[in-house]
Amino acid sequence: MLILDTALAKRAAENRPIRVGLVGAGFMGRGLVNQIVNSTPGMDVVAIANRTVATAVRAYTEAGLEPVEVSTTAQVEAMVAKGVPAVLGDAFALLAAENVDVLVDVTGAVEFGARVTVAAIERGLPVVTMNAELDGTVGPLLAHRARAAGVVLTGADGDQPGVQANLLRFVRGIGVTPLVAGNIKGLQDEYRTPTTQQAFAEKWGQDPYMVTSFADGTKVSFEQAIVANAFGFTVGKRGMYGRDHAGHVDELTAAYDVDELRELGGVVDYVVGAKPGPGIYVLGTHDDPKQRHYLNLYKLGEGPLYSFYTPYHLCHFEVPNTIVRAVDFADAALSPPAGQRVDVVATAKQDLKAGHTVDGLGGYDTYGVAESSPVTRAERLLPMGVAEGCTLVRDVAKDAVLTYDDVTLPPGRLVDALREEQEKLFA
């Protein structure tokens, strides 16, 4: 990673910053703007598109800049040329600007994020996505389209999937075969709702629906599905193993059946309560007995599983690394090379009645659970990323996984067309 600061320093010295366009200016987006503006020489946030323009203005003013509101692509381009930050409500006008080098999606919205990402790829613009929900639903197809267009579409450093990806690449690079990629959580309760999470959300200035998606397991399911799809892993069972473990992650080397892990080809997982949280861990094996002797000497134990971990993930602080990797080195932090390996399927949080329209991610109706894609396909399970807005045609009991046969889809959605295309492409 140290090469990245050198690349940015060179850009800063040459007054040739990476020009970042941002879509979404919520809690995470505002943090990213502040990070780039005040801590990342060689990179500028030149424009922000957000449905509520005042929120985009806030992102700049909190970082110490005064933006100008615009409405057209030509106006965006004019402001960028002048070095004046621009805000607007039209994401598509932003991504069409020729003097924007990269787009960052911080929306967390599946349908809208899909439209923005498809348009950016068609425009030939690199995309850094912090939209795990979109990535976990149609990421393989979008990555395929990006490769065909010769542009980078990548997940982000800082988010736990990106931190896992960096560690997985490191582990593979020293000759260890990774068999578990894990996520350390502090809480897992499938029945949390925006009502139960309201106080926490208010304390930290976050959206209660987003906070709920973390608490009810939906977010970790999407995050681990992304890792699985990028590295060819699967899940050990529906929902992952998901242990409670109050000790150190190093102790997890004794918790897995190595033969089972090898047979599966590696799994994604999570653990609740382990130290050091809220980080990530990778467990792997080494086939060379000489190298196992050295690993034991270097305090990693006798094997067969060896533990590697990162004790933190710093979210928006690390996203500038992804941006320069994508723009200057055409290196994706995280990108699926082929089809879906793990899906996130919608599971009833309460008894749902026929005629009911399913609410959004982190809501009152459903939580997401990781499942292998072959099972998802065979049982026609409903992906969490397409569940919002679907209308039930029959009752679904609490904790039952919804299927396509349980619902009617809203008409005209891009995500449904992309999902169908993805299934056909990678069948």
Side-chain angles (χ1 to χ4, degrees), residues 1-25 27-48 59-60 62-65 80 83 85 99-106 120 125-132 135 146 150-174 181 223 226-227 230-231 276 278-282 308-335:
M1 290 301 186
L2 297 182
I3 194 174
L4 303 181
D5 60 356
T6 302
L8 286 172
K10 185 174 187 291
R11 279 184 168 274
E14 296 172 351
N15 193 26
R16 192 175 50 88
I18 296 174
R19 298 165 296 186
V20 179
L22 204 70
V23 179
F27 179 78
M28 200 62 63
R30 296 196 306 273
L32 177 57
V33 172
N34 190 60
Q35 180 69 15
I36 293 174
V37 169
N38 293 307
S39 300
T40 314
M43 188 178 296
D44 291 339
V45 180
V46 296
I48 303 173
Y60 274 124
E62 286 183 353
L65 298 180
V80 175
N99 49 2
V100 171
D101 298 317
V102 60
L103 188 77
V104 183
D105 174 7
V106 204
L125 197 62
V127 179
V128 174
T129 181
M130 300 179 73
N131 192 338
D135 197 353
V151 299
V152 174
L153 169 62
T154 175
D157 291 282
D159 272 352
Q160 282 170 304
V163 181
Q164 287 175 72
N166 289 334
L167 187 55
L168 283 162
R169 287 172 67 171
F170 166 79
V171 167
R172 284 180 171 175
I174 64 171
E223 290 179 338
I226 292 168
V227 175
F231 288 88
I280 59 92
Y281 63 97
V282 169
F308 304 84
Y309 61 89
T310 302
Y312 50 77
H313 68 291
L314 298 179
C315 299
H316 70 271
F317 286 91
E318 300 182 61
V319 175
N321 288 343
T322 318
I323 293 170
V324 67
R325 287 171 72 174
V327 174
D328 281 356
F329 300 98
D331 179 48
L334 190 70
S335 181

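Heavy atoms only, all atoms of each residue included: A120 and L103 are closest at CB-CD2, 3.9 Å. In plain terms, the two heavy atoms of I48 and G24 that are nearest each other are CG2-O, 4.4 Å. Looking at every heavy atom in both residues, A156 comes nearest to M130 through CB-CG, 3.9 Å. In this structure, E223 and P161 approach most closely via the heavy-atom pair CB-CG, 3.5 Å. Between A326 and T154, the shortest heavy-atom contact is CB-CG2, 4.3 Å. Listed here is the closest heavy atom pair of L334 and A230: CD1-CB, 3.6 Å.
Once rounded to the nearest 0.5 Å, the distance linking CZ of R325 with CG of N166 reads 5.0 Å. The structure places CD1 of I226 at 4.0 Å from CG of D135, a figure rounded to the nearest 0.5 Å.
V151 meets the side-chain contact (heavy atoms from CB on, under 4.5 Å) test with I121, A146, A149; sequence neighbours excluded. For N131, the side chain to side chain donor-acceptor pair (under 3.5 Å) criterion is met by D105, T107, not counting sequence neighbours. Residues meeting the side chain to side chain donor-acceptor pair (under 3.5 Å) test with N34, sequence neighbours left out: N38. Here V171 pairs with L167, V176, P178, V282, F308 under the side-chain contact (heavy atoms from CB on, under 4.5 Å) rule; sequence neighbours left out. Take Y309 and apply the ring pair (Phe, Tyr, Trp, His ring centres under 6.0 Å) test, not counting sequence neighbours, and it matches H248. Every residue two or more places apart in sequence or in another chain that forms a side-chain contact (heavy atoms from CB on, under 4.5 Å) with A7 is listed here: V324, D328, F329.
Using a 4.5 Å heavy-atom cutoff, the side chains of M43 and V20 are in contact. Annotation: side chain of P126 is not in contact with side chain of L153 (no heavy-atom distance under 4.5 Å).
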For this session: For I323 and I36, run side chain to side chain contact (heavy atoms under 4.5 Å, CB included): C-alpha distance rounded to whole Å, both residues' side-chain angles, the deciding distance at 0.1 Å, then the answer.
Result: CA-CA 10 Å; I323 293 170; I36 293 174; 4.1 Å; yes
Exercise. Salt bridge (charged side-chain N to carboxylate O under 4.0 Å, His left out) between R169 and D331: does it pass, once the steps are laid out?
Worked result: CA-CA 12 Å; R169 287 172 67 171; D331 179 48; 3.4 Å; yes
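Side-chain N or O atoms of R11 include one that pairs as donor or acceptor with a backbone N or O of R16 at under 3.5 Å. In this structure, Y281 contributes its side chain and P276 its backbone to no donor-acceptor pair below 3.5 Å. Counting only distance, with no hydrogens or angles, the side chain of D157 and the backbone of T322 share a donor-acceptor pair below 3.5 Å. Not one N or O on the side chain of T310 forms a donor-acceptor pair closer than 3.5 Å with the backbone of I280. Judged by distance alone, the side chain of R19 and the main-chain N or O of V46 form no donor-acceptor pair under 3.5 Å.
When the options D5, V319, L8 are evaluated for a side-chain contact (heavy atoms from CB on, under 4.5 Å) with T40, the one that passes is L8.
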